[in-house]
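Here's the structure we're looking at; comments come further down.
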Amino acid sequence: MPKLRCIAVDDEPLALELLEDNIRQVPFLELVASCHNAFEAMDILHEQGADLIFLDIQMPGITGVQFLKSIQGQNTTPMVIFITAYEQYALEGFELDVVDYLLKPVAFERFLKSVNKAYDLFKLHQQTPTEQTATHFFVNANYALVKIRYDEILYIEGLKDYVKIYLSSARHPVITRMTLKGIEQKLPSHEFMRIHKSYIVSLDKIQSVRNLKIHIGEAVIPVGEQYVEEFMKAIGE
């Protein structure tokens with residue numbers, strides 16, 4: 001597997017130096033650039049790209065949170081690990097779906113645990129559908145890799161940069177930062193179908209179709225006009 005290409009961003013020289021040293025000690029990490037502020041990081045990201053950003057939160061000009069919000073939603077948005085001296089930002093990091101949140105001073109053992117998690121996510125994203133197991137895949141949700149079994153998926157709802165995965169085995173949906181198109185590529189095409197700009201359904205879980213509305217459990221999901229013909233063919237009508 002290729003290395004994780006990283007950008008380190010921190011306005012404190014000593015903190016940045018320590019971060020650089022930690023990155024160089026990990027064989028699967030490659031330091032692309034070190035930046036003292038978000039503006040430098042933006043330039044590097046546009047010019048060279050990156051897989052992972054180690055991002056300080058409290059910086060002059062643009063904060064780490066503002067910087068992350070500005071790049072989210074792009075097709076090549078890198079993973080982010082927040083590194084900060086302020087514990088109160090942990091909740092905001094959770095809401096922004098960062099890989100991890102590290103509190104300064106960061107012990108190397110804690111740093112290594114965090115980057116191992118990022119690397120696991122990276123390897124999953126690098127896999128092709130044929131390389132993935134035939135029974136499940138993983139998504140990043142609530143600071144963890146969550147297993148999603150194909151046979152438990154009822155339907156999937158897209159909400160801008162997030163998707164809700166409704167499962168037969170859970171009362172509440174799994175929410176992960178991913179586009180509907182991105183998750184569609186992980187699903188077996190003969191078992192799942194996009195039937196609306198905001199919905200993918202498990203064909204096996206459909207209980208009835210009435211007036212172009214699909215009933216799955218208590219959910220009623222409309223079939224979008226542009227998907228009607230393909231959907232009717234899929235169910236044999």
Side-chain angles (χ1 to χ4, degrees), residues 65 68-80 91-99 120-122 124-237:
V65 171
L68 176 55
K69 288 180 178 179
S70 74
I71 64 173
Q72 284 184 331
Q74 301 177 11
N75 292 332
T76 56
T77 302
M79 295 178 289
V80 170
L91 178 60
E92 191 160 13
F94 171 77
E95 293 173 346
L96 290 169
D97 200 32
V98 297
V99 173
D120 286 341
L121 283 170
F122 176 70
L124 284 171
H125 293 160
Q126 292 293 310
Q127 290 178 342
T128 64
T130 55
E131 291 173 328
Q132 296 177 8
T133 175
T135 60
H136 65 268
F137 63 99
F138 287 86
V139 297
N140 186 28
N142 297 337
Y143 291 118
L145 289 172
V146 178
K147 180 191 284 188
I148 305 294
R149 292 184 57 87
Y150 294 129
D151 60 6
E152 293 181 351
I153 298 174
L154 301 173
Y155 64 97
I156 301 170
E157 180 182 6
L159 301 168
K160 292 186 177 180
D161 300 326
Y162 291 86
V163 296
K164 288 184 175 181
I165 306 171
Y166 292 83
L167 304 171
S168 60
S169 59
R171 293 180 59 186
H172 302 288
V174 174
I175 302 175
T176 183
R177 187 170 184 82
M178 185 182 295
T179 64
L180 203 60
K181 181 178 180 181
I183 201 166
E184 186 176 12
Q185 295 172 350
K186 294 179 174 289
L187 303 172
S189 58
H190 64 285
E191 296 180 27
F192 296 89
M193 188 172 189
R194 180 84 167 264
I195 53 89
H196 188 277
K197 66 179 181 179
S198 300
Y199 292 98
I200 295 172
V201 300
S202 168
L203 295 173
D204 184 57
K205 300 298 191 302
I206 295 175
Q207 295 170 318
S208 65
V209 181
R210 184 179 303 166
N211 297 326
L212 292 180
K213 292 182 179 179
I214 294 171
H215 294 252
I216 299 178
E218 296 181 358
V220 180
I221 305 168
V223 180
E225 184 177 348
Q226 70 184 91
Y227 301 93
V228 171
E229 183 177 353
E230 187 176 355
F231 171 68
M232 297 307 287
K233 287 180 181 178
I235 64 173
E237 294 295 330

So E184 and L180, side chain to side chain contact (heavy atoms under 4.5 Å, CB included) or not? Walk me through it.
-> CA-CA 6 Å; E184 186 176 12; L180 203 60; 5.9 Å; no
To the nearest 0.5 Å, what is the distance between [atom1] ([X]) and [atom2] ([Y])?
X: T135; Y: D151; atom1: OG1; atom2: CG; answer: 8.0 Å
X: M178; Y: I165; atom1: CE; atom2: CD1; answer: 7.0 Å
X: L159; Y: S198; atom1: CG; atom2: OG; answer: 7.5 Å
X: Q207; Y: I216; atom1: CD; atom2: CD1; answer: 7.5 Å
X: I148; Y: H136; atom1: CD1; atom2: NE2; answer: 10.5 Å

Expected output: side-chain R210 to main-chain L212 donor-acceptor under 3.5 Å | no
Test item: S202 side-chain N/O and L154 main-chain N/O as donor-acceptor pair under 3.5 Å | no
So, F137 versus Y150, ring centres under 6.0 angstrom or not?
-> yes
L187/I153 under side chain to side chain contact (heavy atoms under 4.5 Å, CB included): CA gap, chis, key distance, verdict | CA-CA 10 Å; L187 303 172; I153 298 174; 4.0 Å; yes
Nearest heavy-atom approach of S169 to E152 is OG-OE1, 2.8 Å
Measure across E157 and Y166 and return the closest heavy-atom pair with its distance rounded to 0.1 Å.
-> OE1-OH, 3.2 Å
Can you establish whether the number of heavy atoms outside E225 located under 6.0 Å from its atom CD is more than 12?
-> no
